2 protein chains.
Amino acid sequence: MTHGVDTDRNAAVGRMTRAGGGLRGLRPTAKVLPEHARSHNRSLVLQQLYRTEGLSRADIARSTGLTRVTISDLVGELIGEGLITELGQREDARPGKPATLLALNVHAFHLIGMDLSDKVAFHAARFDLGGTIIERISAPRGTAVGEDALELVYALVERLLRDETSPILGIGVGSPGVVDGEGRIRTAPNLGWHDLPLRDLLAERFELPVTVANDANAAVLAEHTFGSQDAASDLILIQIGAGVGAGLIVDGAPVSGSRSAAGEIGHVVVGTDGGPRCACGKDGCVEAWVAAGRLAEQLEQAADPAAAEALLAAAGERLGIALAPVVGVLNLSEIVLSGPTTLLEGPFADAVLETIRQRTISDIHAELTLRMTALGQDIVLRGAAVLVLSGQLGVS
Amino acid sequence: MTHGVDTDRNAAVGRMTRAGGGLRGLRPTAKVLPEHARSHNRSLVLQQLYRTEGLSRADIARSTGLTRVTISDLVGELIGEGLITELGQREDARPGKPATLLALNVHAFHLIGMDLSDKVAFHAARFDLGGTIIERISAPRGTAVGEDALELVYALVERLLRDETSPILGIGVGSPGVVDGEGRIRTAPNLGWHDLPLRDLLAERFELPVTVANDANAAVLAEHTFGSQDAASDLILIQIGAGVGAGLIVDGAPVSGSRSAAGEIGHVVVGTDGGPRCACGKDGCVEAWVAAGRLAEQLEQAADPAAAEALLAAAGERLGIALAPVVGVLNLSEIVLSGPTTLLEGPFADAVLETIRQRTISDIHAELTLRMTALGQDIVLRGAAVLVLSGQLGVS
DNA sequence: GTTAATTTGTTCGTAAGCTTTACTAACAAA
DNA sequence: TTTGTTAGTAAAGCTTACGAACAAATTAAC
């Protein structure tokens, strides 16, 4: 096998596109060829270096179970494509030939992530392969919907593509609404999009691999990848803003649902005692109880800090009531909240967790944790980057 | 190898498809070798013939995407092992060499399934590879717990093994309680089992591949495999008996949960208006509302049929309230009820579905269906068989 | 009634992928 | 200087799937 000759990066991208993602998400009816095994193992190497910089070929061989020979071959290929670089020799004083340390070359490619979930503006960024934001831009949305909104998206991508420091690996998009497995926006009322094949439109226009997902799904992917140290493989992320949405990872894989509409918790009725009227017409929806706008409004009218706390705790309790069956049935290990920290941190979050504990078998869920996301406003944006990284390199 | 099937190879397939579901973080994704691809493709062939009897090699090649050459090779191997037989030539009148039809040889191997979920007796059966019960036996449990209960299990297997019509492919067990990924019974209070490595005990004693799973999980697998025609890939099965349990399939894969305790819906509190006191100490648990015993009891006291119906509908509503958030978040497409038909069919089931519709966005869940299982009392037993079929042959 | 077209399943040679075995290089410790 | 260890490479071999080519069996066409 000859490597190190492939200097054409576009060709390399082409190969990676085919390689994408390894065996995950494989439908039981799909054949598997030896080359799929190869690309899976290739992703394995990248994954190791994505997590830990400065591993030797032998280190990777040990941790993957593949032989040093095979790893050498894969690493050679990846170095040839520019994805991996040799850092030099390990400094340790120990017997044997010193190891040559390797690292992901995070600037071999860049990638584009977009967040279309903000009502005020579309956000986009150029990332390196490590998931670090290199350049960030926004475009105020105004009242743009339909075709106009689409043009805004195109314009953002074009602006980011203009600065050609590194070839672009792909584009990831986190969009509100229902997004199917083919990256088509089934329906996004706020954007006036219905059955819009966004993935294919972008892919054709920019001749790049594109992945489109629901914003809450993108967010939970970001949380899964960048969030906590020991990434939980069963977690739910609750996004609280104008609406309330959820993204879910079960057994390490994002859940999209039978009609690509998973995560719809905002309009689930909670409790058996009515509740505030919701925009959807029902009484007592989760969204009617805990949407950020309503919470802020109520807080303003609160007589004193104690009353404010009670209000937040009551709202948190409602979310807890809705989540308890989900936590019980899925045996989730982690709940992450995303939204205005001032509203959610403290009494609200405490009440959510406490309510879930009270309403399930607390022993079983003793290890259940609840925390605020550490990714702040960028959560969807970074999730969009994860879409590309995991889709094109099998890394996350 | 005592029988003709390369179990190592199939175990490899299991590892591949479940990769990443185990120890989070510590174990990334397992390596994949060409031979794993081979065993995957092998399962693909079996799967085709499992679903449809009388396909030719060329048919299978077309539907899998593999070439006729490869399929011929795989089929040759499977015929060599006795798993597949040639039926003869296709009778159609069409040009070309007539096709040789193939079928799964369902008696090439038998397998053993066990249902330990019945409080009164343990049930076991010998199945053929098509999932048909060949022989069925039971052992009254009496008050047996702990070691005694284990001995009962051993005795049942021994009785089934005595009749050596076909070699045994493996043993599948559906057990109550919490069962981890290694087939260890973490805790099954009714059986007095704690941290019992049931899988390994059986495997060592009988020198056969063994798979152990939670009873509700086994049941939902049975439903997924044998239940409806167009197997939904996102469904929940609710078992209502002395207790209330749930088994869940998301994206075509069974869900075990972060601590192997998924499906625990029985002791989730439902509603915000109290409710009957539950054995667990809380008020208003699902189980306290809808356990079969309570329903039957209430029905006896009902003044007239209309009152009885109202009682059942009220109970169904409670289950619906608990399920609504789960359906909303996971976007499930199918709910299946298992339990006493006389209690669950009719007003109860209707109320469950109606309540869920009222408490979620009904458009999104327009295709949601709810039905009784068609598998009756044998559901866990047959699920145990599926455990073996899917674990050893990759078929389901 | 003969020839052409079509479909099935096999044989043979090849490319890809990983492993085993065997080697060189480079180092620490005694 | 010797011994033992570790890193990485090279060569050979096995497995897996593929493409090309072909024989067999049958229908369709003339």
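Just so it is clear, the model here is predicted, and its values are computed rather than measured. Lettering follows sequence order; numbering is per chain, from 1. All heavy atoms count here, side chains included; hydrogens, waters and symmetry mates do not.
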5' precedence on DNA chain D between L33(A) and R62(A) (nearest-nucleotide basis): R62(A)
Whole-Å distance between dT15(D) C1' and H40(B) NE2? 18 Å
Output the rounded distance in Å from CZ (R42(A)) to C1' (dC18(C)). 17 Å
Is the shortest side-chain N to carboxylate O distance from R42(B) to E81(B) below 4.0 Å? yes
Return yes if a side-chain donor-acceptor contact under 3.5 Å exists between R382(A) and T225(A), otherwise no. no
Considering just the side-chain nitrogens and oxygens of N41(B), establish if one lies under 4.0 Å of OP1 or OP2 belonging to dT16(D). no
Between C1' of dT7(C) and CG of L101(B), the distance in whole Å: 14 Å
When you compare the side chains of S63(A) and Q48(A), does any donor N or O come within less than 3.5 Å of an acceptor on the partner? yes
I'd like to know if the side chain of S166(B) and the backbone of H110(B) have a donor-acceptor N/O pair within less than 3.5 Å. no
Determine the contact category for S56(A): base if any of its heavy atoms lies under 4.0 Å from a base atom, sugar-phosphate if only primed atoms, P, OP1 or OP2 are that close, otherwise nothing. sugar-phosphate
State plainly whether the residues R199(A) and E204(A) are in salt-bridge range, i.e. N to O under 4.0 Å. no
Who are the side chain to side chain donor-acceptor pair (under 3.5 Å) partners of D59(B), not counting sequence neighbours? S56(B), R62(B), R90(B)
Within less than 4.0 Å of OP1 or OP2 of dC18(D), is there a side-chain N or O belonging to T70(B)? yes
Just the rounded figure in Å: distance from C1' of dG8(D) to CG of L55(A). 16 Å
Most 5' of G65(A) and Q89(A) on DNA chain C, judged by nearest nucleotide: G65(A)
For every nucleotide of nucleotides 10-16 of chain C, 5' to 3': is a protein heavy atom under 4.0 Å from its base (B), only from its sugar-phosphate (S), or from neither (-)? BB-----
How is I71(B) classified with respect to the nucleic acid when contacts are heavy atoms under 4.0 Å: base, sugar-phosphate, or nothing? nothing
In whole angstrom, give the distance that lies between atom CG of L102(B) and atom P of dT8(C). 12 Å
When the nearest nucleotide of DNA chain C is assigned to P98(A) and to L66(A) on a heavy-atom basis, which residue is associated with the more 5' position? L66(A)
Select base, sugar-phosphate, or nothing to describe what R90(B) touches, counting heavy atoms under 4.0 Å on all strands. nothing
Under-4.0 Å salt bridge between D73(A) and R68(A): no
Side-chain N or O of T100(A) less than 4.0 angstrom from OP1 or OP2 on dG8(D)? yes
